[in-house]
**Student:** 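This is the structure I have questions about; it appears just below.
Here, residue 1 is the first one in the sequence, and each next residue gets the next number. Remember, it's a predicted structure, so these values are computed and weren't measured experimentally.
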Amino acid sequence: MGAKKILSYGRSILVMILVLYLILVWMYFKDNARQLTSSGLLLWFVTIPLLFLGSIMALSWWQKKLDKQTTDSPEILDGTADKTDAIKPPNTYPLFIYSRVCLPEGDCWSEVVDNDADLTVLSEDLTDIDGMPMLVKPIARLPDAAALPYPNISDAYSADSEFDDSYSDHYLDSNSDLDNSLDSHLDDERFTERKAALNDTTLRLQALIYEQLVLSEEMLSSLAEYFYQHHQKDTTQSNAAIHIHPEWQQHYLVSANEVNSENNSRKENGDDKMTAASAGHLTNLPIYLCLPASADSAFLIATIKEQLATYGIPDTRLAITTIITDSTDIANTIADNSANNTLIATPADFINRHLLPLSKSTAPDLCLILIADSQISEEWLDTHLYAEQMTNVIPTEAGALLLFSNQAAQELLNIDANTRILLTEIGTAHRTELLSDKRRYLNHLTTIKSLLIDNMLSLSPTDTTTLKTTDKQTVKSTKKSSDINSKGKNKTNVAITDMTITAMSDINPLKQPYDLSTYMSFLEAFIAQGALVNEHHLGHYMPLNNWLKPFISLSLFIDLAKEDQQESDRSFLITQHKHCNMLWLLDSSQTSES
């Protein structure tokens with residue numbers, strides 16, 4: 001990268017010197033025309049300018065050569081990259097994913113992609129900068145928040161610590177003392193007052209979250225059945241001594257205490273996940289709730305807990321973490337919300353911190369991510385539209401629900417609606433931070449192209465160990481042998497010329513013309529191999545939310561993958577992040593076996 005900059009600067013300097021030289025020579029001989037002979041004319045106006053032009057052309061050729069080398073060898077990203085990283089193959093992680101999506105266009109792939117209707121309406125309450133009624137794009141089928149069935153939410157909500165603190169600060173002075181035993185009438189009154197003060201965003205998100213959970217009823221029922229059976233099993237084991245003969249009860253209890261003490265010491269010395277692996281069961285359901293900062297997270301968490309309780313999942317099994325999706329000052333938001341179990345992160349951070357360890361874990365593990373956002377409110381307009389003077393923006397709303405589980409959890413739950421996906425992360429921050437976004441995206445797509453074509457679009461999970469050798473010949477031979485092995489493991493035996501490939505991305509064609517052009521050039525490599533390629537660009541379905549963009553496209557990809565797949569069908573999705581791309585590949589082995 002430094003050499004190309006030097007060449008560019010050198011060429012510019014030579015051009016400036018040439019122009020300056022011609023001006024000075026012309027001015028000199030203008031006043032001294034008698035001194036200009038034929039040999040002098042050839043020297044000053046032909047030979048010397050040609051030398052400058054030759055030098056400029058040489059620098060230009062050299063720079064184009066370096067650009068071509070970078071394009072042909074995208075894995076060599078910059079001079080400071082670690083050699084071991086350059087030869088390290090990308091790791092692939094198998095995941096089982098259940099997903100639901102909620103968009104104005106519909107709830108599934110066919111409804112969303114095939115919907116050409118104009119879903120925008122004029123809002124009666126919102127106005128634009130000029131004071132005119134604003135076009136919005138709501139989800140028309142959502143129920144009214146006031147009509148949602150939450151009979152016991154006041155008890156759960158009034159018990160929330162955040163609610164108690166706000167109540168005591170509002171109603172009591174510094175010298176008063178809150179009585180520990182409040183009657184139910186006071187709880188209901190507090191809840192009614194708090195609900196009346198909720199903003200439009202919270203009420204709209206309540207209806208959106210309710211709709212997503214209703215759409216996931218089959219999956220939630222399976223989780224509830226598992227937790228119920230596991231709870232019954234624990235209760236039966238703890239009361240097993242009752243069914244033993246009285247003379248042997250004391251011996252049984254002593255043995256049980258010894259086993260419990262041994263397990264406790266092992267838990268203190270080991271990791272909690274290792275204990276879960278030995279037990280072979282799921283202890284709780286981690287939920288990551290992604291909300292805008294203007295939403296009342298305590299109220300929404302209470303509604304989620306009660307709705308899950310109707311399916312049979314008690315709140316004792318839930319571990320809910322809130323993620324703020326539209327924070328502008330991350331450092332301050334982390335400090336302000338650290339006491340409230342609030343996590344600030346990017347989608348790439350979430351994938352690296354939670355999904356990749358989940359995939360590699362041998363213990364049953366899963367997590368549920370629930371994303372909801374509504375821009376149809378005065379709060380959003382004040383923050384984004386009015387403050388940033390944005391134009392040609394239609395406020396909308398959307399939601400996505402995804403359940404990620406590993407192989408062990410899938411064997412326990414056996415959820416039929418789950419889809420097995422192979423996740424491959426292309427590029428990392430420390431390797432690509434010196435590159436421009438355009439060059440980085442081109443390099444990542446080139447890596448993905450080689451990875452898919454070499455593996456016949458049937459990528460198998462790779463070993464996560466790092467290559468220790470730096471010898472190029474050894475690396476090349478190892479790569480060839482691994483390619484042969486991966487091709488040999490291909491169960492379909494379908495040539496790429498007979499394949500139908502469905503390629504998806506989260507590109508917005510209207511706002512990302514360069515990325516679209518690069519992506520179409522990327523697809524031409526598969527067309528050149530003889531494959532029939534169908535491309536879909538899903539970025540224009542997303543509101544202005546960095547969390548919804550990758551996960552809505554993933555939800556639509558999962559929904560399409562659940563349809564009947566032929567042996568020659570291949571599908572993959574590419575989601576783009578700041579320093580990396582995520583390749584979500586439908587596992588062909590699962591398709592061929594089903």
**Student:** Salt-bridge test for Glu105 and Lys137: reply yes if a basic N is under 4.0 Å from a carboxylate O, no otherwise.
**Tutor:**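 Counted as a salt bridge, because a side-chain N and a carboxylate O are separated by less than 4.0 Å.
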**Student:** For Glu425 and Met582, indicate whether the former's side chain and the latter's backbone hold a donor-acceptor pair under 3.5 Å.
**Tutor:**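 Absent.
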**Student:** Classify the ring geometry between Phe404 and Phe551 as parallel (under 30°), tilted (30 to 60°) or perpendicular (over 60°).
**Tutor:**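 Rings of Phe404 and Phe551: perpendicular, over 60°.
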**Student:** Over 60° means perpendicular and under 30° means parallel, so classify the ring planes of Tyr288 and His354, tilted if in between.
**Tutor:**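 Because their plane-to-plane angle lies in the 30° to 60° range, the rings of His354 and Tyr288 count as tilted.
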**Student:** Are the side chains of Leu445 and Thr518 in touch, meaning some heavy atoms are under 4.5 Å apart?
**Tutor:**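 Yes, their side chains come closer than 4.5 Å.
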**Student:** Using side-chain contact (heavy atoms from CB on, under 4.5 Å) as the criterion, point out the one residue from Ile415, Leu220, Ile369 that pairs with Leu403.
**Tutor:**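 Among the candidates, only Ile415 passes.
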**Student:** Any heavy-atom pair between the side chains of Leu366 and Leu223 that's under 4.5 Å?
**Tutor:**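 Touching, per the 4.5 Å side-chain cut-off.
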**Student:** Can a side-chain donor-acceptor contact be found between Asp349 and Thr346 if the only test is distance below 3.5 angstrom?
**Tutor:**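 Their side chains do contain a donor-acceptor pair, which is all the 3.5 Å distance test asks for.
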**Student:** Taking the six-membered ring for Trp, are His537 and Tyr519 closer than 6.0 Å centroid to centroid?
**Tutor:**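 His537 vs Tyr519: aromatic centres under 6.0 Å.
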**Student:** Judged by modelled atom types alone, do Ser60 and Arg11 share a side-chain donor-acceptor pair under 3.5 Å?
**Tutor:**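 Distance-only check passes for Ser60 and Arg11.
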**Student:** Do Arg141 and Ile139 have side chains that approach each other closer than 4.5 Å (heavy atoms only, starting at C-beta)?
**Tutor:**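 Result yes, sub-4.5 Å side-chain heavy-atom pair found.
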**Student:** Using a 4.5 Å cut-off on heavy atoms from C-beta on, say whether the side chain of Ile421 contacts that of Ile558.
**Tutor:**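 Result yes, sub-4.5 Å side-chain heavy-atom pair found.
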**Student:** Checking the side chain of Asn352 only, and the main-chain atoms of Ala348 only, is there a donor and an acceptor separated by less than 3.5 Å?
**Tutor:**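 Here the side-chain-to-backbone pair exists.
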**Student:** Run the side chain to side chain contact (heavy atoms under 4.5 Å, CB included) test on Ser374 and Trp380 for me, step by step, so that the C-alpha distance in whole Å, both residues' side-chain angles and the decisive distance to 0.1 Å come before the verdict.
**Tutor:** CA-CA 8 Å; Ser374 177; Trp380 188 88; over 6 Å; no
**Student:** Could you tell me if Asp365 and Asn406 have a donor-acceptor pair between their side chains, going purely by distance under 3.5 Å?
**Tutor:**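 No - no donor-acceptor pair under 3.5 Å links their side chains.
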**Student:** Just verifying a value: how many Å separate Arg570 CZ and Met499 CE, rounded to the nearest 0.5 Å?
**Tutor:**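 Going from the CZ atom of Arg570 to the CE atom of Met499 covers 4.5 Å.
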**Student:** Roughly how far, to the nearest 0.5 Å, is OG of Ser55 from CD1 of Ile13?
**Tutor:**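 One finds 13.0 Å between CD1 of Ile13 and OG of Ser55.
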**Student:** Taking everything shown except Asn115 itself, do over 12 heavy atoms lie less than 6.0 Å from its CG?
**Tutor:**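 Above 12, so yes.
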**Student:** Asn418 and Gln410: side-chain donor and acceptor closer than 3.5 Å?
**Tutor:**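 Result is yes, a qualifying pair exists.
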**Student:** Do Gln576 and His444 have side chains that get closer than 4.5 Å, going by heavy atoms?
**Tutor:**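 A side-chain contact is absent here, since even the closest heavy-atom pair is not under 4.5 Å.
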**Student:** Does some side-chain heavy atom of Arg420 sit less than 4.5 Å from a side-chain heavy atom of Pro94?
**Tutor:**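 Result yes, sub-4.5 Å side-chain heavy-atom pair found.
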**Student:** Between OG1 of Thr497 and CG of Leu532, what distance do you get to the nearest 0.5 Å?
**Tutor:**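 CG of Leu532 is found 11.5 Å from OG1 of Thr497.
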**Student:** If we only count heavy atoms from C-beta on, is the Leu554 to Leu573 side-chain gap below 4.5 Å?
**Tutor:**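 Result yes, sub-4.5 Å side-chain heavy-atom pair found.
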**Student:** Do the side chains of Pro138 and Ile376 get nearer than 4.5 Å, heavy atoms only?
**Tutor:**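 Sidechains of Pro138 and Ile376: in contact.
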**Student:** If we ignore hydrogens and angles and just use 3.5 Å, is the side chain of Asn581 paired with the main-chain N or O of Ile574 as donor and acceptor?
**Tutor:**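 Such a contact is absent between Asn581 side chain and Ile574 backbone.
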**Student:** I'd like to know if the side chain of Asp107 and the backbone of Cys102 have a donor-acceptor N/O pair within less than 3.5 Å.
**Tutor:**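 No; zero donor-acceptor contacts below 3.5 Å.
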